[in-house]
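Contents: one structure, followed by commentary.
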Amino acid sequence: MSRWAYVNGRFHPHGEAVVHVEDRGYQFADAVYEVWAVINGRLADFDGHMTRLGRSLDELRIEHPMSGASLLNVLRETVRRNRVRFGLCYIQISRGTARRDHPFPDPAVAPSVVITCKSLDRGAMETKAKKGVAVITQPDIRWGRCDIKTVGLLPNILAKQAAKERGAAEAWLVDDMGFVTEGSSTNAWIVDADGNLRTRDTQANILRGITRGNLLAVAKDAGVKVIEKPFTVEDAKQAREAFFTAASAFLTPVVSIDGTRIADGKPGPLTTRLRGLYFERAAELAV
Ligand code: PMP
């Protein structure tokens with residue numbers, strides 16, 4: 001089936017879609033991105049991801065290329081053209097194309113916009129979630145502004161590759177104090193020894209995951225006690241349950257950390273329950 005990509009105002013066959021060699025996203029990683037889950041052909045939490053995208057752009061003083069309403073139209077058209085029912089939709093916005101020089105282009109140039117979609121195998125994701133996945137830990141070597149969703153993902157990529165080479169699905173990043181910050185592309189959670197659902201607070205140098213924020217609300221509505229408090233790798237190994245969240249993973253149960261089995265080595269009951277509740281809510285609210 002033919003795939004389409006949106007680049008700077010036009011749709012192109014995916015294989016022919018290109019940006020300029022002097023695009024600042026390519027030259028400097030001077031660009032931000034955002035990711036929406038697509039459920040039943042609709043975008044999950046459009047507003048949440050849109051708000052974070054606006055904030056990422058503002059923090060880096062990159063111009064907003066279009067209104068939220070226009071962006072929703074283009075994203076929907078990209079989903080439609082690619083016939084995605086269940087999958088992911090990505091946008092990358094760079095500061096634009098200009099002769100290579102570190103400071104911002106002066107006068108400013110138009111930001112570059114790329115939008116792509118891909119289908120995911122829902123059955124395979126469900127099978128993975130039923131079994132649970134392994135994670136490893138890696139030192140968190142990222143910069144100090146992980147709250148901004150930039151395309152500068154090299155430390156994340158190295159961590160994910162290390163995980164893959166050790167047969168794990170994700171790498172949990174660990175700060176200098178020994179606390180888990182988040183995953184290389186997900187937020188990290190445990191159900192601690194006292195039965196509290198626990199994840200890192202957003203004062204820390206982490207991405208404020210949209211799935212994370214929504215899950216906090218789902219958990220509170222379900223009467224689950226949640227605390228936003230750092231946990232160590234040892235806390236995680238002794239946890240009753242563990243999982244990670246992202247638009248690309250929903251809630252994915254974790255059954256081992258650095259080779260140590262979590263509890264009985266199966267996805268935990270609270271994780272499984274919350275995964276169901278989360279998915280229902282996300283599907284209902286998708287636009
Ligand atoms: N942390 C990092 C480093 C990520 O890259 C992502 C996914 N983009 C997340 C957390 C999860 O964020 P979200 O729930 O908004 O997908």
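The model shown is predicted, which means the values in this text are computed figures rather than measured ones. When a ligand or atom number is given, it counts from 1 through the structure's own listing order. The basis for the numbers below is simple: all heavy atoms, side chains too, and nothing from hydrogens, waters or symmetry mates.
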Query raised in the report: Do His14 and Asn82 have side-chain atoms, one donor and one acceptor, less than 3.5 Å apart?
Result: no

Requested in this report: Could you tell me whether the side chains of Glu170 and Thr186 share a donor-acceptor contact shorter than 3.5 Å?
Outcome: yes

Enumerated ligand 1 atoms positioned under 4.0 Å from heavy atoms of [X]:
X: Gly183; answer: 3 (C)
X: Ala246; answer: 11 (C), 14 (O), 16 (O)
X: Tyr33; answer: 5 (O), 8 (N)
X: Lys149; answer: 5 (O), 7 (C), 8 (N)
X: His49; answer: 15 (O)
X: Glu182; answer: 1 (N), 2 (C), 3 (C), 10 (C)
X: Gly209; answer: 12 (O), 13 (P), 14 (O), 15 (O)
X: Ala247; answer: 13 (P), 14 (O), 16 (O)

Query raised in the report: Would a hydrophobic clustering, with Ile, Leu, Val, Met, Phe, Trp and Tyr connected at side-chain separations under 4.5 Å, put Leu53 with Leu72?
Result: yes

Report task. Could you tell me whether the side chain of Asn196 and the main chain of Arg198 form a donor-acceptor pair under 3.5 Å? Result -> no

Query - Within-shell test, Val35 vs ligand 1, heavy atom, strictly < 4.0 Å - result: no

Query raised in the report: Between Phe244 and Trp189, does the ring centre distance come in under 6.0 Å?
Result: no

Query - Parallel, tilted or perpendicular: rings of Phe250 and Phe279 (30°, 60°) - result: perpendicular

Report summary line: Note: Arg95 and Ile62 closest approach over all heavy atoms is NH1-CG1, 3.6 Å

Report summary line: Contact region, Ser248 to ligand 1, non-hydrogen atoms below 4.0 Å, reads neither

